[in-house]
Protein chains: 2
Amino acid sequence: MKKNKVISPFKPAAHKHQECLQAAIKAAKTHCEDMGLRLTPLRQRVLELVWQNHEPVKAYDVLDELKQGHSSSAPPTVYRALDFLQDQGLVHKIESLNAYVGCGNPKELHSGQFFICHDCGSVAELDDADISGLIQKKANRFGFKIDNEMVEIKGHCQECLESGI
Amino acid sequence: MKKNKVISPFKPAAHKHQECLQAAIKAAKTHCEDMGLRLTPLRQRVLELVWQNHEPVKAYDVLDELKQGHSSSAPPTVYRALDFLQDQGLVHKIESLNAYVGCGNPKELHSGQFFICHDCGSVAELDDADISGLIQKKANRFGFKIDNEMVEIKGHCQECLESGI
DNA sequence: ATAGTTAATGTTACATTATAACATAACATA
DNA sequence: TATGTTATGTTATAATGTAACATTAACTAT
């Protein structure tokens, strides 16, 4: 098992997003089956909507799109589905944006470290054991027991820097 | 200059909060004078309210208290003051809580790393160059230029663990 | 001193994000 | 099929945050 992974790079080079999305849905299905949980059509649809691109998506934007095919949707519809997906590690919430991104790595529950480009809006997720480990070490020094870590880094991705926006 | 500081420890042992608050206000005054900025009575009052304890405070709670002596207060009153104080590094926003904490270290603009106890609600701020440096190093690997880092760690502080809540 | 300028605050209205509470429907299984 | 559990529907409202414009206070340069 690699310890430090780039879960999701910036603007994955020349990737066919349809396949990317399919893979995520498939991983989610497998994960839920393994866990004895139900990836209902509603939950799957919300997951697909979050996965439409590699940018964080707002709950109410998901809601608007969800309504197109599912007129009974209301805020709780979306928030419940997002809660479920978050609990399973299938999406992460970006706290500093009040927005959600898909995660293709539901296997091990993790928090992840997010790098958010101000220019293009896209997000890269790392799951870096060095960062987690260092934070853990620092916490140990004053007897703090970690439940959950949130690391969100804002700045400019290489591609945007190079294109000189 | 020390590189790794505990800006604000958990439940500062046997501290007289009145003095703690006074020191923060004084530091704020000095900082604003140095910068040629106005720590108006309103801004100072908001800073005092945020500093009432070492826990994150909600904007609307500040508003409620502010209204007691300043009946014309409305949401923009508080958010403007908080924006000013954040810009000056006098308070930090804890994004994962939508809440604000005072910072006694306005000198150097910094992001800080926050350790938040689920049990007692208090927050410790580190300004740890090792953590920042490591994040910086990881970012460099994929050409990401950091503007701002947010590190918010949730868990249980030593005191609460020991008291076995 | 005072007119012009900028910064700060007042005020109203509204936008965005999220949850409570209870009703109904779908599913699981004895 | 009766029964409990999980998921969804529905209404209402809470919590968080901002836009836009009016007014007041403070600063600046004559």
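This structure is a prediction, so every number in the text was calculated from the model and none was measured. Per chain, numbering begins at 1; letters A, B, ... match sequence-line order. Both backbone and side-chain heavy atoms feed into the values below; hydrogens, waters and symmetry mates do not.
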Using the side-chain hydrogen bond (donor to acceptor under 3.5 Å, both in side chains) criterion, which residues pair with B:Gln22? Sequence neighbours excluded.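 Once residues adjacent in sequence are excluded, the partners of B:Gln22 under the side-chain hydrogen bond (donor to acceptor under 3.5 Å, both in side chains) criterion are B:Gln18.
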What pairs meet the salt bridge (Lys or Arg N to Asp or Glu O under 4.0 Å) rule with one or both residues in [range], with sequence neighbours excluded?
range                      : value
residues 23-36 of chain A  : none
residues 46-58 of chain B  : B:Arg45-B:Glu48
residues 63-77 of chain B  : none
residues 95-104 of chain A : A:Lys93-A:Glu95

Using heavy-atom distances to pick each residue's nearest nucleotide on DNA chain D, tell me which of A:Ser71 and A:Arg38 is more 5'.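 This one resolves to A:Arg38.
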Atom CG of A:Leu37 and atom C1' of D:dT6: how far apart are they, to the nearest Å?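 Taking CG of A:Leu37 and C1' of D:dT6, I get 11 Å after rounding.
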Can you measure A:Leu42 atom CG to D:dT10 atom P for me and round it to whole angstrom units?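 Between P of D:dT10 and CG of A:Leu42: 12 Å.
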DNA chain C: 5'-most and 3'-most nucleotides touching chain A, 4.0 angstrom heavy-atom criterion: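 For DNA chain C, the relevant span reads C:dT17 to C:dC27.
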If a pair satisfies ring-ring contact (aromatic ring centres under 6.0 Å, His included) and one of its residues is in residues 16-50 of chain A, list it, with sequence neighbours excluded.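 Every ring-ring contact (aromatic ring centres under 6.0 Å, His included) pair that includes a residue of residues 16-50 of chain A, provided the two are not neighbours, is A:His15-A:His17, A:His17-A:His54.
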ring-ring contact (aromatic ring centres under 6.0 Å, His included) contacts touching residues 58-79 of chain A (sequence neighbours left out):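 For residues 58-79 of chain A, and leaving out neighbouring residues, there are no ring-ring contact (aromatic ring centres under 6.0 Å, His included) pairs at all.
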Taking salt bridge (charged side-chain N to carboxylate O under 4.0 Å, His left out) as the definition, give me every residue that meets it alongside A:Arg43, ordered by chain and number, with sequence neighbours left out.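 If we apply the salt bridge (charged side-chain N to carboxylate O under 4.0 Å, His left out) test to A:Arg43, skipping adjacent residues, there are no hits.
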Could you pull out the protein-nucleic contacts involving nucleotides 11-21 of chain D (nitrogen or oxygen on both sides, under 3.5 Å)?
residue, atom, partner, partner atom, Å
D:dT16, OP1, B:Lys58, NZ, 2.6
D:dG17, OP1, B:Lys93, NZ, 2.6
D:dG17, OP1, B:Asn98, OD1, 3.3
D:dG17, OP2, B:Tyr79, OH, 3.1
D:dG17, N7, B:Tyr60, OH, 2.6
D:dG17, O6, B:Tyr60, OH, 3.3
D:dA20, N6, B:Arg80, NH2, 3.3

Approximate separation, where rounding is to 0.5 Å, of B:Leu37 CG and B:Cys32 SG: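 Here the interatomic distance stands at 5.5 Å.
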Looking at A:Thr77, does any N or O in its side chain come under 4.0 Å of the phosphate oxygens OP1/OP2 on D:dT8?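 No.
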Can you list the residues that meet the side-chain contact (heavy atoms from CB on, under 4.5 Å) rule with B:Asp147, with sequence neighbours excluded?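 B:Asp147 satisfies side-chain contact (heavy atoms from CB on, under 4.5 Å) with A:His118, A:His156, B:Lys145 once adjacent residues are dropped.
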Degree of bending in the helix from C:dA1-D:dT30 to C:dA30-D:dT1 once both end axes are built from five pairs, to 10°: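 About 30°, once rounded to a multiple of 10°.
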